[in-house]
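Taking it in order: structure first as structure tokens, then the write-up.
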Amino acid sequence: MLDQKLIRENPASVEKNLSLRGKVFKISHVHELTIKKREIDTEISILQSESKKLSKLIGQEISRSQNNDSLELKNLKKKGNDYRIKISEFEEKQRTLNKQINNEISNLPNFPSKDAPIGKDESNNVQVKTWGDPILKENVKSHWEIGERLNLFESVKSTKISKSRFITLIGNGARLERALINFMLDIHSKNGYLELIPPALVNSDSLLGSGQLPKFSNESFKCSNDDLWLSPTAEVPLTSFHRNEIIDPKLLPIKYVAYSPCFRREAGSYGRDTKGLIRLHQFNKVELYWFSDPSKSLTAHEQITADAESILQKLNLPYRLIDICTGDLGFSSSRTFDLEVWLPSSKCYREISSCSNCLDFQARRSSIRTKIDKKNTYIHTLNGSGLAIGRTMAAILENGLQTDGSVKIPDALVPYFGSNLIKCN
RNA sequence: GGAGAGGUGGCUGAGUGGUCGAAAGCGAACGACUCGAAAUCGUUUAAUAGGCAACUAUUCGUGGGUUCGAAUCCCACCCUCUCCGCCA
């Protein structure tokens, strides 16, 4: 959520900042509404003040005179009634205005950071660095072919259970998934993150707080009988874990690592990544999350990204770091570094982690503050996948494929998986 | 799902129509006493919006309503707790 005061006082700078996203944002309408609201607020405040004084006077009058039916009292009450009617008229207007303003502002995305590369879409993203040596061989089997051959997962049967884009993990596939989750949780815990397993169902306020609602209701699954949604990412429950709180500054930064299943409708992605583990309606993810002192979120952003990278390095998976350009930034983010892992079969890097600094955007939506110099100040929130489990498995299968069709398990994962090889039957 | 109880400031908890934004206690901060500390005493101690400030307004789960005036009365909803039932 952008600062309403800023919209009211400096609409030009708001439009200018938003336009970095490569689209035109017209905020003149909200701007007018905020000014109107301000006038009405003042008007109401004055009326209430007078009405309050009058009520006190009536109270004093009654206790003094004992005559509850005097003409004077009747006149005073009549006057008070006039106030009440007038005030309720203004309040009606105020309610409508508030609704309109909230609607419009909660649909506005965060400002891109000044440090983010300027660009229109993903083609303008900037590669910052690469790590490891990508395998460049012809005819490398895709991870779904490998998985099918080794009987690690099953998608056709899963459409019976649910529909397309769901998967059932089997045997070593299930075990590898479990090993990856434990491995990542352990590493991050050792690095100072507190482990959480949050609810997988979240209410509308939670989705609003982290920025998935109101704009992206189409991208999450909704429970029809309740105000509950299947959480698309642990970022949602983690943000709301501290919603409506004022956090003791001594506790900052708060760092959480959370395992959670993630559910996404993937509307509009028909025909893309239809096979394998890359794009599913349900997938597992280990998420990193920081509540940071506002003055320290830039270094926090570097740290959270490095923490996500450390998993790829320990698994010895080649990857690159991408600085997302202003036009490709997610709704709540001011700056995002994507980690993309090398997939030999498609000879390209695929997103496996997204590390974002949302500054005070989510904190304002969720009302999460801390005391700085005795003033309540919105904290900064950062999130990063550390990592998406399914995509990590895909990368391990393709990068670890041996000439005999077996798959080598990265050394660091062996203690978790219990074997250094997935053999062909 | 059935029956009951309840949601008040950082916490405990009083308050059933009129200076109640709210007693009291705890906690916290500051000061006095002390070489220092404990104890004691004194003062202070909610948030939000607007304003440079004085101040004004709002907020007693949420949203409506009654009234000149609502923490207090009415309606709806949400949540929590206890017991029973069901259940991993």
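Proteins get letters first, then strands, A, B, ... in listed order; numbering begins at 1 in each. Computed from a prediction, not measured in an experiment: that's the story for all the values here.
- For the OP1/OP2 pair of G50(B) and a distance below 4.0 Å, the side-chain nitrogens and oxygens of Arg8(A) include at least one atom meeting the criterion.
- Within the 4.0 Å cut-off from OP1 or OP2 of U58(B), at least one side-chain nitrogen or oxygen of Lys52(A) is found.
- For residues 38-54 of chain A, the salt bridge (charged side-chain N to carboxylate O under 4.0 Å, His left out) pairs, not counting sequence neighbours, are Lys37(A)-Asp41(A).
- Residue pairs meeting the salt bridge (charged side-chain N to carboxylate O under 4.0 Å, His left out) criterion with at least one member in residues 256-276 of chain A, sequence neighbours excluded, are Glu266(A)-Arg279(A), Asp273(A)-Arg279(A), Asp273(A)-Arg350(A).
- Note on Ser49(A): only backbone sugar-phosphate atoms sit closer than 4.0 angstrom, heavy atoms only; bases stay farther off.
- Ion pairing between a basic and an acidic side chain is recognised when a charged N comes within 4.0 Å of a carboxylate O; Asp411(A) and Lys314(A) show no such pairing.
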Query - Pairing string, 5' to 3', for RNA chain B - Watson-Crick or wobble contacts under 3.5 Å, brackets [ ] where pairs cross, | to another strand - result: ((((((((.[[[..)..(.....]]]((((((.......))))))(((((....))))).[[[[[..)....]]]]])))))))....

**Report entry** Summary of protein contacts for nucleotides 64-79 of chain B, nucleotide by nucleotide, where a base hit scores B, a sugar-phosphate-only hit scores S (4.0 Å, heavy atoms)
**Finding:** S--BBS----------

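- Comparing A71(B) with A22(B), their C1' atoms are spaced 8 Å from each other, to the whole Å.
- A donor and an acceptor atom, one from each side chain of Tyr256(A) and Trp290(A), are nowhere located under 3.5 Å apart.
- Remark: Tyr416(A) pairs with Phe183(A) by the ring pair (Phe, Tyr, Trp, His ring centres under 6.0 Å) rule, at least two apart or across chains.
- One interatomic measurement links the two molecules: CG of Asn376(A) to P of A46(B), which rounds to 12 Å at whole-angstrom precision.
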Please output the side-chain donor-acceptor pairs of residues 26-33 of chain A that fall under 3.5 Å, not counting sequence neighbours, one pair per line with the distance.
{"unit_1": "His29(A)", "atom_1": "ND1", "unit_2": "Glu104(A)", "atom_2": "OE2", "d": "2.6"}
{"unit_1": "His31(A)", "atom_1": "NE2", "unit_2": "Arg8(A)", "atom_2": "O", "d": "3.0"}

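- Within 4.0 Å (heavy atoms only), Lys371(A) reaches sugar-phosphate atoms of the nucleic acid but no base atom.
- Position along RNA chain B of the nearest nucleotide to Ser45(A) versus Arg38(A) favours Arg38(A) as the more 5'-ward residue.
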